[in-house]
Number of protein chains: 2
Amino acid sequence: MTTPPPLILAALYAVLITIGAAVLMLPVSHRVPISWSDAIFTSTSAVTVTGLVVIDTGADLTLFGQMVVAFLIQMGGLGLMTFAVLILGALGLPVGITGRIYLREDLHQASVHQLTKLVGTILKVVLVCEVAGAMLLSLTFIPRFGFWQGVWEAVFHSISAFNNAGFSTFPEGLIPFATDPIVNTVIPALFIVGGIGYIVLHDIFTQKGWRAWSLHTKIMLTGTAILIPWSVAMFAILEWNNPGTLGQFDSKLARLTVSWFQGVTTRTAGFNTTDIAALHDSTSMMFISLMLIGGGPTSTAGGIKVTTFIVMIIATIAFFRRQQQLNAFGRSIGLDQVLKVMALTAISVILVFLAIFLLTASHDGHFLDVSFEVASAFGTVGLSRGYTAELSGFGRAVIIAIMFLGRVGPLTLGFFLATRAVPRVRYPAGRVFLG
Amino acid sequence: MTTPPPLILAALYAVLITIGAAVLMLPVSHRVPISWSDAIFTSTSAVTVTGLVVIDTGADLTLFGQMVVAFLIQMGGLGLMTFAVLILGALGLPVGITGRIYLREDLHQASVHQLTKLVGTILKVVLVCEVAGAMLLSLTFIPRFGFWQGVWEAVFHSISAFNNAGFSTFPEGLIPFATDPIVNTVIPALFIVGGIGYIVLHDIFTQKGWRAWSLHTKIMLTGTAILIPWSVAMFAILEWNNPGTLGQFDSKLARLTVSWFQGVTTRTAGFNTTDIAALHDSTSMMFISLMLIGGGPTSTAGGIKVTTFIVMIIATIAFFRRQQQLNAFGRSIGLDQVLKVMALTAISVILVFLAIFLLTASHDGHFLDVSFEVASAFGTVGLSRGYTAELSGFGRAVIIAIMFLGRVGPLTLGFFLATRAVPRVRYPAGRVFLG
Ligand SMILES: [K+]
Ligand SMILES: [K+]
């Protein structure tokens, strides 16, 4: 086996995007004429569960077209290899070790033998969550849109939320539901469960409690428990009197509801119940940092991931405390993990800088909007300050590339760029001053 | 000895800044009334060799005030401890081991016994370069300003250039000399020698050739040899037809001259022969990345430093090549160095994000200008798109803090924040997924 699994997976994603775009180009998919650029952008945004849009999903696409988008979201969110195993299994074909290794790379999972079990857990969780989510959302959508359309909107938004896609069929997104209690509980519940990562869910569903959980699960849960209150509180503080966002609501409860929703949705889900273009620059800056951090590995999230961020912080603290070893929750973290964190951070920073540079070089836009757009694509978030509509053909290509790399993981890029080194002689140690 | 040397050095820098501000407040220093905020900002900018200005150095300060600024630049650039050793030596006092250790931290130098020799080299190089620089600059400045003023302008700009301070006494900076051959060779020569770091200079002056040089010197020279042509070429390509910058010159030679000057000055020197506010957004973005990288350790440069950047790239490549060891120029780089690179990068990213956030939260400005200003302060560069003049009192405090941390090294911050850990039990290894 010479081709590394990450490359094969990236290729499979690319194929899915291409097929998706082709189907969206069929006359049966759209109500108004769309270009190939529109179709490829939409398909990439769906498969990478980003949610940046250049066409109006509800108005420009037919019901069939919307179903295609929902299908692409589901395929992209679950991970192609999970599906591949299921399809092979359903056809009665043996799932060989090769297939399992591909799956492993897709889920970033450590031990091969747990995988079949893991896939079972994934499917059960997805089905239960999405069905429950759709039923609960129907309570709001059916009275508003009638039975059949209400059911479809509920199903679409349940799929979109669980997979952290952020797609909405409504022209204004979820802004009309800014204070709706069902939307503000069901949709966040779906995307938090979907975005925390299958490994964490698996731990929670199969292990007894905190002490038995893996280090990964503990770090993810702690990181999430810190980041959610932080983003909700910061959003409320910064936007409380902004007439474009929270200021338009008189009641404190409404302002807190919108803060809650917008605070939790920003790291990767990408729904919005407020006007993102009206945010203060400071809030936008905070959002950029949250979008770059993203959600959990083996989830539907993009970004550098919460675990990477936490390990980076732990390593930094350990350095200043002159510790020889990194520890967290009674486990040590190897220096090779730190090397991975560094590689990941370095390549992410370079990617984001390069993308902003290319966009500004091709078309001078408002710098904050451009930076926001790139962070949103990299974190597969889907929030936009309106720059998506201004993108040139070249600009769309840049954002498509960033969404793709944000989803398959920036590390995959490295496998394209580098080849495995032959073991070499050990060199004597040198010292570099890093001040 | 309980207080870590970096803290004592930071305290000494703070004292120098305070004394400098107090002297600038004396009526003999200024021609127009200045506030304490102006004086502290100017003093910090001079001691940290940044060059961001809130007052007109040439017009608002008297000759005495300008001499104070030049003195602060020289003190800040050389490093206080170098001076302390010299003063103690001149007084005939023994330079004890404690003094040498402070010096060591200031110069980030490895072996204590080489230090006295190193200080000798530093002083010789500084004196030779600044005298030669002033004499050559006189050839341009004396015909223009008359003998005495010409000599003073030459001395001031020679000190400012060698120490990478970027201060100028001319209201438009060096823009009137955009195509002057002497300014375009002497000033870059001064700041390149001053910004490459004393360790490199020491190696070059005392060792025979490439093979005998230290790993540090090889990395610095290679990094500089890559970054200079890159920045010059990119500036020329991006700005060639911009009517606000290169486009105003008809001759290709003039455009290339300005590209040369602006390309080399950006990482840390901070002089400008063109209007920075007129740069394209893309060029500004490239400048931000260069300013964050900065110059060499043990030099007058700020930023994360060229070596940190190069080791980060080497570590990233090594990770993708699945190398167990980092190698460069036949020497291995320890994983503890990688840990330092990560700590440095993490704390720098957090600092820069936080500063931009605080500035935008206190006063909505053009986001690009704000980001540019923070990167410029962090890299102690001193280029500005005009935001310095718009800073509120709080904004000035933020920029002062960033200039200070950019100069004493962001790692110093860590020593304030953390205490040394007691050695602890070894924990079993845990695994975290970082995808
Ligand atoms: K999303
Ligand atoms: K400077």
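Not measured: the values here are computed from a predicted model. Sequence lines set the chain letters: A, B, ... in the order given, protein chains first and strands last, and positions in each chain run from 1.
Other residues, nucleotides and ligands contribute only 12 or fewer heavy atoms inside 6.0 Å of the CH2 atom of A/W230.
Looking at A/L238, the atoms closer than 4.5 Å to chain B (heavy atoms on both sides) all sit in the side chain, from C-beta outward. Interface remark: B/S371 contributes side-chain atoms only to the contact with chain A (heavy atom separation under 4.5 Å). For chain B, the nearby part of A/I350 is the side chain; its heavy atoms alone come within less than 4.5 Å. With a 4.5 Å cut-off on non-hydrogen atoms, A/L354 does not touch chain B at all. Using a 4.5 Å cut-off between heavy atoms, A/I314 does not touch chain B at all. There is no contact between B/I237 and chain A, counting heavy-atom distances below 4.5 Å. Looking at B/L358, neither its backbone nor its side chain comes within 4.5 Å of chain A, counting heavy atoms on both sides.
In this structure, B/T345 OG1 and A/M312 CE are separated by 8.5 Å, a value rounded to the nearest 0.5 Å. A distance of 8.0 Å separates CZ of B/F367 from OG of A/S284, quoted to the nearest 0.5 Å.
For the pair A/M286 and B/F353, the minimum side-chain heavy-atom distance is 4.5 Å or more. Counting heavy atoms from C-beta outward, B/T360 and A/H280 have side chains that stay 4.5 Å or more apart.
Minimum interatomic distance between A/A346 and B/T316 (heavy atoms only, all atoms of both residues): CB-OG1, 3.3 Å.
Contact count versus chain B (heavy atoms, under 4.5 Å) is highest, among A/I356, A/I313, A/V306, for A/I356.
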